[in-house]
Amino acid sequence: MSMSSFVPFQVLFSWPRRARAGGSVGPTTALLFLAAAVSSIAACDSESRTSATGDAGSAGDAGGPPLNAVTATGLAIVSSDFAVTSVALYDVATGRLKDDCVHSGVTGPNLAQELSGDVTLPTQTQHRRELALIDRKNAVVTYVTPGSCAARLQFSVSTGGFKSNPHDLISVSAEKAYVTRYEKNPAPSADTADFDDGDDLLVVNPSTGAILKSISLSGEVPAGSDPSILARPDRGVLADGKVYVTLGNVSADFGMVGTGRVVVIDPVTDMITGGIDLPDHKGCSALEYQATSKRLYVSCGGAFTDGPDQAAKSALVEIDLSGATPTIARTIAAIALGGQSLNFTYAAVFGETAFLGTLGTFPMGAEPGTSDGFFAVSLSGGAPTKLLGGGAYNFGRAAVNVAGKKVFLPDGDAVTPRVRIFDASVDPIVAVDPFEPNPAGHLPPREVAWY
């Protein structure tokens with residue numbers, strides 16, 4: 001049995017800890033975990049606004065310079081054991097680390113809710129040049145000033161009190177952002193003005209925390225999908241004046257997974273203007289946009305419900321946005337990287353090279369476990385290069401620094417937690433000195449992203 005994009009990291013990492021402690025986790029227990037799962041995978045202030053590669057390529061506004069004007073050097077690092085979280089800041093240019101910029105157990109002015117053990121970072125940076133934290137468990141968004149590490153604003157996105165499970169925060173301007181809410185409210189009120197339905201994009205004002213409206217995505221599941229399938233909006237980017245959002249397309253009980261789809265939204269009118277179906281892929285989540293080539297990259301991890309065939313629906317998909325209609329240009333199938341599904345939490349691409357991870361598996365019954373992998377893959381063809389292997393679900397969300405041609409990979413090894421660094425300015429790519437992002441608490445890093 002293979003684990004997948006739809007299993008929370010809390011489950012994935014508590015599972016082997018129980019086994020090492022002498023606990024017993026059999027197939028029946030595993031299936032109960034999966035059925036009950038709620039999907040949520042787990043320096044100096046920078047004056048630039050970028051995506052996972054330091055170049056988001058969308059128009060800026062009065063809140064900051066154009067997104068692709070300057071390459072970012074400020075890297076945020078989320079470390080967590082899924083009980084507590086610490087966020088560190090790392091300046092790529094100077095090597096300066098600010099440990100415990102924000103961490104669990106702390107409240108104060110503008111920080112009424114402490115961080116849970118399930119915190120993620122936005123796909124792209126924010127127009128206000130702030131560090132933004134998305135707490136999936138508590139369903140709150142927190143904006144932090146990087147220089148002081150003080151919270152400027154925190155607000156809830158669980159309208160009506162339901163567990164909305166926010167997955168991303170898409171900055172449209174200094175006064176407007178979209179929050180992807182992965183969960184659907186099972187008992188919404190009849191009042192359409194309280195925005196408590198879920199399975200939507202919640203429109204918010206990042207300056208004040210005011211909730212402005214909701215854009216329902218429930219009707220955007222691929223045609224012909226089973227009626228039980230929910231849209232489950234996941235990750236999103238702002239690219240050339242449009243917003244692109246992946247849909248998870250998973251049933252409420254997580255027992256059925258539909259094919260991939262990306263919806264297109266006009267951020268001026270908040271209207272859905274189109275969709276890009278990915279009928280050959282499932283578990284499509286992370287997005288990355290390359291402004292120079294006008295290419296959108298979607299990382300699809302497959303579906304655990306497909307069992308041993310999960311990797312068959314897993315791939316990195318390149319979508320060409322340069323024409324009047326988006327077209328699928330190229331794909332890198334997971335089976336080309338050894339048969340394991342892709343790590344769907346990121347799509348790190350610059351130039352003609354993609355940096356991709358594969359997800360290992362824990363031992364289960366008679367099946368041995370497998371290791372994570374990290375690869376450099378030419379989009380133009382050729383054999384992939386394996387850069388690193390590690391324990392199952394140790395490798396998290398990676399990021400590329402375009403200007404410095406460095407790749408940062410969080411390695412959540414329980415014994416030696418590190419952010420691994422690869423120098424892509426040389427051929428072959430080489431590993432350089434890693435660093436521990438949370439020396440104060442030794443929490444394992446789960447994801448890195450530019451702020």
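When reading the values below, keep in mind they use all heavy atoms of this one structure, side chains included, and skip hydrogens, waters and symmetry mates.
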Subject >> Nearest non-hydrogen partners of Leu97 and Pro437, listed with the distance >> reply: CD2-O, 3.8 Å
Original post:
For Leu238, does its backbone N or O pair with a side-chain atom of Gln124 as donor and acceptor, under 3.5 Å?
Top reply: yes
Original post:
Can you find a pair of side-chain heavy atoms, one from Tyr178 and one from Val245, that are under 4.5 Å apart?
Top reply: no
**OP:** Using the side-chain hydrogen bond (donor to acceptor under 3.5 Å, both in side chains) rule, take Thr273 and Asp266 through it: C-alpha gap first, then chi angles, then the decisive distance, then the call.
**Re:** CA-CA 6 Å; Thr273 61; Asp266 180 346; over 6 Å; no
**OP:** Give a yes-or-no answer on whether the side chains of Asp118 and Ser116 include a donor-acceptor pair shorter than 3.5 Å.
**Re:** no
Original post:
Just checking, any donor-acceptor pair under 3.5 angstrom between side chains of Asp197 and Asn185?
Top reply: no
Original post:
Distance from Leu356 atom CG to Tyr346 atom OH, nearest 0.5 Å?
Top reply: 6.5 Å
Subject >> For Lys176, salt bridge (charged side-chain N to carboxylate O under 4.0 Å, His left out) partners two or more places apart >> reply: Asp270
Original post:
In terms of heavy-atom contacts, does CD1 of Ile335 have more than 12 from other residues, nucleotides or ligands at under 6.0 Å?
Top reply: no
Subject >> Heavy-atom pair of closest approach, residues Ser299 and Ala347 >> reply: CB-CB, 4.3 Å
**OP:** State, to 0.1 Å, how close Ser228 and Asp226 come at their nearest heavy-atom pair, and which atoms those are.
**Re:** OG-OD1, 2.6 Å
Subject >> Working for side chain to side chain contact (heavy atoms under 4.5 Å, CB included), residues Thr259 and Asp277 >> reply: CA-CA 8 Å; Thr259 56; Asp277 284 316; 5.9 Å; no
Subject >> Backbone of Cys300 reached by a side-chain donor or acceptor of Ser314 within 3.5 Å >> reply: yes
Subject >> Spacing of Thr208 atom OG1 and Phe155 atom CZ [to the nearest 0.5 Å] >> reply: 8.0 Å
Subject >> Gln310 side chain vs Gly301 backbone, donor-acceptor pair below 3.5 Å >> reply: yes
Original post:
Between Thr358 (side chain) and Gly373 (backbone), is there a donor-acceptor pair under 3.5 Å?
Top reply: yes
Original post:
Asp100 and Ser86: side-chain donor and acceptor closer than 3.5 Å?
Top reply: yes
Subject >> Result of checking Arg235, Arg232, Arg181 against Asp168 for salt bridge (Lys or Arg N to Asp or Glu O under 4.0 Å) >> reply: Arg235
**OP:** To the nearest 0.5 Å, tell me how far Leu230 CG sits from Asn249 CG.
**Re:** 9.0 Å
**OP:** Start with the C-alpha distance between Thr142 and Leu153, add both sets of side-chain angles, then the distance that settles side chain to side chain contact (heavy atoms under 4.5 Å, CB included), and finish with yes or no.
**Re:** CA-CA 6 Å; Thr142 305; Leu153 176 69; over 6 Å; no
**OP:** Measure from NZ or CZ of Arg152 to the centre of the six-membered ring of Tyr143, then state whether that distance is under 6.0 Å and the direction lies within 45° of the axis.
**Re:** yes
Original post:
In terms of side-chain heavy atoms, does Asp194 have a donor or acceptor partner in Ser189 at a distance below 3.5 Å?
Top reply: yes
Subject >> Spacing of CG belonging to Leu409 relative to CD1 belonging to Ile421, to within rounding of 0.5 Å >> reply: 10.5 Å
**OP:** Evaluate the side-chain proximity of Thr159 to Phe162: yes if any heavy-atom separation is below 4.5 Å, no if none is.
**Re:** yes
Original post:
Heavy atoms, side chains only, cut-off 4.5 Å: are Val317 and His281 in contact?
Top reply: yes
Original post:
Between Arg446 and Tyr393, is any pair of side-chain heavy atoms under 4.5 Å apart?
Top reply: no
Original post:
Hey, which of Thr180, Asp234, Thr123, Thr120 is the one that makes side chain to side chain donor-acceptor pair (under 3.5 Å) with His167?
Top reply: Asp234
Original post:
Picking from Val141, Ile211, Val140, Asn138, what satisfies side chain to side chain contact (heavy atoms under 4.5 Å, CB included) with Ser156?
Top reply: Val140
Subject >> Non-hydrogen side-chain atoms of Val87 and Ile77 separated by less than 4.5 Å >> reply: no
Subject >> Trace of the side chain to side chain contact (heavy atoms under 4.5 Å, CB included) decision for Leu379 with Val349 >> reply: CA-CA 9 Å; Leu379 294 169; Val349 178; 3.9 Å; yes
Original post:
If every non-hydrogen atom of Ser214 is compared with every non-hydrogen atom of Phe195, which pair is closest and at what distance?
Top reply: N-CD2, 3.8 Å
Subject >> Heavy-atom check, side chain of Gln126 versus side chain of Leu169, under 4.5 Å >> reply: yes
**OP:** Take Glu183 and Arg136 through the test salt bridge (Lys or Arg N to Asp or Glu O under 4.0 Å) and record every step on the way to the result.
**Re:** CA-CA 11 Å; Glu183 290 297 324; Arg136 292 176 287 207; over 6 Å; no
**OP:** Would you confirm whether Glu288, through its side chain, and Leu296, through its main-chain N or O, come within 3.5 Å as a donor-acceptor pair?
**Re:** no
Subject >> Check: Val78 and Leu121 side chains under 4.5 Å, non-hydrogen atoms >> reply: yes
Subject >> Which residues share a ring pair (Phe, Tyr, Trp, His ring centres under 6.0 Å) with Phe374, sequence neighbours left out >> reply: Phe422
**OP:** Compute whether any side-chain donor of one residue and acceptor of the other, for Glu114 and Ser104, lie under 3.5 angstrom apart.
**Re:** no
Original post:
Just by modelled atom types, is the Ala399 backbone N or O under 3.5 Å from a matching donor or acceptor in the Trp450 side chain?
Top reply: no
Subject >> Trace of the side chain to side chain contact (heavy atoms under 4.5 Å, CB included) decision for Ile215 with Asp200 >> reply: CA-CA 5 Å; Ile215 305 172; Asp200 61 358; 5.7 Å; no
Subject >> Contact summary for Glu130 and Tyr451, nearest pair of heavy atoms >> reply: O-CB, 4.2 Å
**OP:** Could you go through the salt bridge (Lys or Arg N to Asp or Glu O under 4.0 Å) check for Lys313 and Asp306 one step at a time?
**Re:** CA-CA 9 Å; Lys313 297 289 186 180; Asp306 289 341; over 6 Å; no
Original post:
Ser173 and Pro206: which non-hydrogen atoms are nearest, and at how many Å?
Top reply: O-CG, 4.2 Å
Original post:
Quick check: does any side chain N or O of Glu220 sit under 3.5 Å from a backbone N or O of Val263, one acting as donor and the other as acceptor?
Top reply: no
Original post:
With distance as the sole test, does Asn205 use its side chain to make a donor-acceptor pair with the main-chain N or O of Ser207 at under 3.5 Å?
Top reply: yes
Original post:
Considering only heavy atoms from C-beta outward, does the side chain of Arg295 approach that of Asp320 to under 4.5 Å?
Top reply: yes
Original post:
Is there a donor-acceptor pair closer than 3.5 Å between any side-chain N or O of Ser251 and the backbone N or O of Gly255?
Top reply: yes
Original post:
CG of Asn343 to CD of Gln340: how many Å apart, nearest 0.5 Å?
Top reply: 11.5 Å
Original post:
Atom NZ of Lys184 and atom OG of Ser216: how far apart are they, to the nearest 0.5 Å?
Top reply: 6.0 Å
Original post:
Taking the side chain from Asn438 and the backbone from Leu443, do they hold a donor-acceptor pair closer than 3.5 Å?
Top reply: yes
